[in-house]
Amino acid sequence: MSDWLSLSAAAKLLGVHPSTVRLWSDKGLLPVHRTKGGHRRYKENEVLLWAQTSREVRSVQPEDMLQSAIRNVRVQITEGNLENETWYQKLDEDARVQYRQSSRSLFQGLMTYLASNSEDAASEAFAIGYEYASRARRYNLSYVDAARAFLFFRGVLLDSVMSVYREANIPSGKAWEDMLQRMHSFTDQILISLLDTYQALETNSNGKS
């Protein structure tokens, strides 16, 4: 039927990236129908009506959030917030560079998770948590400092995403609540992975000594 649109066709009609349409659909913001095979289909008249009545919902793409997060880290560094962190003060310059650069893995992991249709983020969260734990051990940070480092970058990330939502004029409500819930769920899994991994690495190290 000619009035049915695929995901890519709906994205083209709305002038946004397909990942944005997928995200809006998964959040219940944009009306979507499923075929027997599980594919997303959109009614052209529903998409057009939604576009007219939802002008306040602008394009919020993962790339926008990532760039905002990177800018936010730079601001935090410029303002001295990162240098004021006790865990950061314990690192040499090479370690500091590693931590600043690796913050991208957290940002990119979350953006991929938010833009995907999968609710299973366990493997991605484990990998990021492992990275933070192993780096902390490598630079002789305690598990408390390892957690503080992660929480610092998580705070920067949360601020960045909220900034992107405000700039897009997305009104507070279900969209914000769903986004925050998914963000906290994903980053909580990372924190648990970080602590579990740190403990395991410490146990293995003590066993070998």
Side-chain angles (χ1 to χ4, degrees), residues 3-74 101-129 131 153-190:
D3 61 336
W4 286 99
L5 304 174
S6 64
L7 174 67
S8 59
K12 184 176 181 180
L13 183 63
L14 291 170
V16 299
H17 193 275
S19 64
T20 302
V21 174
R22 185 182 296 111
L23 182 62
W24 284 344
S25 302
D26 294 343
K27 294 304 180 185
L29 300 176
L30 178 65
V32 61
H33 305 267
R34 294 277 186 171
T35 66
K36 291 183 178 180
H39 299 290
R40 295 177 179 83
R41 290 294 181 268
Y42 303 85
K43 281 190 174 182
E44 184 175 359
N45 61 344
E46 290 181 350
V47 172
L48 292 173
L49 178 62
W50 181 86
Q52 293 173 357
T53 59
S54 304
R55 295 183 186 277
E56 70 277 9
V57 180
R58 308 282 182 81
S59 171
V60 179
Q61 299 190 36
E63 294 82 2
D64 297 330
M65 295 184 185
L66 177 59
Q67 291 304 316
S68 177
I70 294 172
R71 288 194 301 270
N72 202 349
V73 171
R74 290 172 181 164
Q101 292 178 344
S102 67
S103 62
R104 280 176 171 264
S105 65
L106 172 60
F107 304 151
Q108 291 174 330
L110 179 60
M111 295 307 101
T112 299
Y113 170 61
L114 293 176
S116 72
N117 186 40
S118 173
E119 294 295 328
D120 182 14
S123 59
E124 182 73 18
F126 174 81
I128 297 174
E131 178 185 346
F153 288 113
R154 181 173 81 165
V156 171
L157 182 57
L158 288 171
D159 289 344
S160 300
V161 173
M162 293 302 97
S163 176
V164 172
Y165 262 50
R166 284 191 294 269
E167 291 173 1
N169 290 328
I170 295 181
S172 60
K174 189 175 187 302
W176 284 66
E177 293 172 2
D178 288 348
M179 177 66 74
L180 284 172
Q181 183 177 19
R182 294 193 77 197
M183 289 178 65
H184 280 293
S185 175
F186 182 67
T187 55
D188 284 350
Q189 290 182 66
I190 295 175

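- With sequence neighbours left out, Glu124 forms a salt bridge (Lys or Arg N to Asp or Glu O under 4.0 Å) with no residue at all.
- In terms of the salt bridge (Lys or Arg N to Asp or Glu O under 4.0 Å) criterion, residue partners of Asp188 (sequence neighbours excluded) are, by chain and number, Arg154.
- When each of Val47, Leu13, Leu14, Asp3 is paired with Tyr42, the side chain to side chain contact (heavy atoms under 4.5 Å, CB included) condition holds for Val47 and for no other.
- For the pair His39/Leu7, no side-chain contact is recorded, criterion being any heavy-atom separation below 4.5 Å from C-beta on.
- None of Thr35, Asp26, Leu30 except one satisfies the side chain to side chain contact (heavy atoms under 4.5 Å, CB included) rule with Arg40; the exception is Asp26.
- By the 4.5 Å heavy-atom criterion applied to side chains, Phe153 and Thr187 are not counted as neighbours.
- Separation of atoms NZ (Lys43) and CG (Leu5) is listed at 11.5 Å; rounding is to 0.5 Å.
- Contact annotation: the side chain of Arg22 never approaches that of Ser25 to less than 4.5 Å [non-hydrogen atoms, C-beta and beyond].
- Judged by distance alone, with hydrogens and angles left aside, the side-chain atoms of Ser185 form no donor-acceptor pair with the main-chain N or O of Gln181 at under 3.5 Å.
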